[in-house]
Amino acid sequence: MREGTLIRALAGFYYVTDGDDDPIECRARGKFRQTGETPLVGDRVSFSMTDGGKGVVEAIHTRRNSFVRPPVANVDCMIVLASAVNPITDPFLVDRITAIAATNDAESIICINKTDLHPGDGLFDIYTAAGFPTIRTSAKTGEGVAELKDQIHGKVCAFVGNSGVGKSSILNALEPGFTIKTAEVSRKLGRGRHTTRHVELFPLSCGAQVADTPGFSSFDIEKMNLTGKEELQYTFPDFAPYLGHCQFRDCAHVSELGCAVLAALHAGEIQATRHASYVRLYQQAKEMKSWERKK
């Protein structure tokens, strides 16, 4: 029995590397259909070898996390790209992504992109005050690229952001020719670049791995459920110093008397947009049925 990382999934075939050889094409053991498990890109797996140099995935190791779209596991870090110009990013989108990341035990790094067009001071101030690693980046000037490389070294990452914010440009700045590589993979697999559904981990020379599909599809935020309303407060790191100090133990931090979070908000210690996002997410979580929550 050998162990490795599943780096590509396509049409029932799984490609596993143990770091020594080329990826080994595997099928999954039939027992996974009975248990409802599906191997995901990013999984650590045990596999056995068969004739012809092929393999069979025998077991999936315990996951740190897993996501819906793209279907990947064991993501260390979400790189959340935002912009103050063309398009202007709604802070709520960033706040929802960072809450989802925290729910799934993943770090968030905020990239204020396109700083050659707009410095994005407002966004920068919001997320540095909230305690997130926040980097100003520009694919055109190279600003922030070296810092981003340092931040993601050795991590499995996913780049997330609204359409047009510059995910592919930043990936190309990190690894020149990255989009060409993904297109080549698509051609080798015999699928059109815009129709392939395969997911893959791509290694970068800076020591990171990027989970993505050709075309740089983002995580489908609307299909990713948050935790329950009681746990949501813990996904906002800027709330942490004030939790446990409210007048009432079951304080929702929305409009209650004696709320330490609201006191911090009024004192300017918590950004207004962050609390507004929390309230919006709290209302969504409040309306969500228990069976709808991501397990």
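- Interatomic distance, NE2 of H275 versus CG of D95, reported as 12.0 Å (0.5 Å rounding).
- You'll find the side chain of D121 reaches within 4.5 Å of the side chain of R136, heavy atoms only.
- Checked by atom type and distance alone, the side chain of D90 pairs as donor or acceptor with a backbone atom of F92 at under 3.5 Å.
- Put simply, CD1 on I112 and OG1 on T134 are 6.0 Å apart, with the number rounded to the nearest 0.5 Å.
- Counting heavy atoms from C-beta outward, T38 and Y14 have side chains that approach closer than 4.5 Å.
- Contact annotation: the side chain of V156 never approaches that of N74 to less than 4.5 Å [non-hydrogen atoms, C-beta and beyond].
- In this structure, N162 CG and L93 CG are separated by 5.5 Å, a value rounded to the nearest 0.5 Å.
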Check step by step if side chain to side chain contact (heavy atoms under 4.5 Å, CB included) holds for M49 and I24.
CA-CA 9 Å; M49 297 301 297; I24 298 165; 3.9 Å; yes
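- Residue E287 holds its CD atom at 6.5 Å from CD of Q283, rounded to the nearest 0.5 Å.
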After noting the C-alpha distance and the side-chain angles of L123 and H118, does the key distance pass the side chain to side chain contact (heavy atoms under 4.5 Å, CB included) rule?
CA-CA 11 Å; L123 289 169; H118 193 294; over 6 Å; no
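- The backbone N or O of L81 lies less than 3.5 Å from no partner atom in the side chain of K167, so there is not a single donor-acceptor pair.
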Apply the test side chain to side chain contact (heavy atoms under 4.5 Å, CB included) to residues V57 and F32: give CA-CA distance (whole Å), side-chain angles for both, the deciding distance (0.1 Å), then the verdict.
CA-CA 10 Å; V57 176; F32 293 120; 4.0 Å; yes
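- In this structure, the side chains of R27 and K54 stay at 4.5 Å or more apart for every pair of heavy atoms.
- One finds the CD atom of Q271 at 11.5 Å from the OG atom of S277 (value rounded to the nearest 0.5 Å).
- Counting only distance, with no hydrogens or angles, the side chain of K114 and the backbone of N86 share a donor-acceptor pair below 3.5 Å.
- No donor-acceptor pair closer than 3.5 Å links the side chain of T5 to the backbone N or O of I7.
- Across A101 and E107, no two heavy atoms sit closer than the pair CB-O, 4.4 Å.
- At least one side-chain heavy atom of L281 sits less than 4.5 Å from a side-chain heavy atom of F236.
- A donor-acceptor pair under 3.5 Å is absent between the side-chain atoms of D76 and the main chain of K155, judged by distance alone.
- Of the possible donor and acceptor atoms, one in the side chain of N113 sits under 3.5 Å from a partner among the backbone N and O of V165.
- Listed here is the closest heavy atom pair of V56 and A28: CG1-C, 4.4 Å.
- Inter-residue side-chain proximity for V41 and Q209 is flagged as unmet; no heavy-atom pair is nearer than 4.5 Å.
- Contact detail for P237 and A130: the closest heavy-atom pair is CG-O, 3.7 Å.
- E143 and T141 share no donor-acceptor pair across their side chains, judged by distance under 3.5 Å alone.
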Are I152 and L174 close enough, and set up right, to give a side chain to side chain contact (heavy atoms under 4.5 Å, CB included), and what steps lead you there?
CA-CA 11 Å; I152 66 177; L174 288 168; 4.2 Å; yes
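- Of the possible donor and acceptor atoms, one in the side chain of R64 sits under 3.5 Å from a partner among the backbone N and O of D105.
- Counting heavy atoms from C-beta on, the side chains of C111 and L148 come closer than 4.5 Å.
- Proximity of a side-chain donor or acceptor of E175 to a complementary backbone N or O of S205 within less than 3.5 Å is detected.
- Listed by first and then second residue, the side-chain hydrogen bond (donor to acceptor under 3.5 Å, both in side chains) pairs that reach into residues 244-262 are Q233-H253, sequence neighbours excluded.
- The shortest distance between side-chain heavy atoms of M78 and I97 falls below 4.5 Å.
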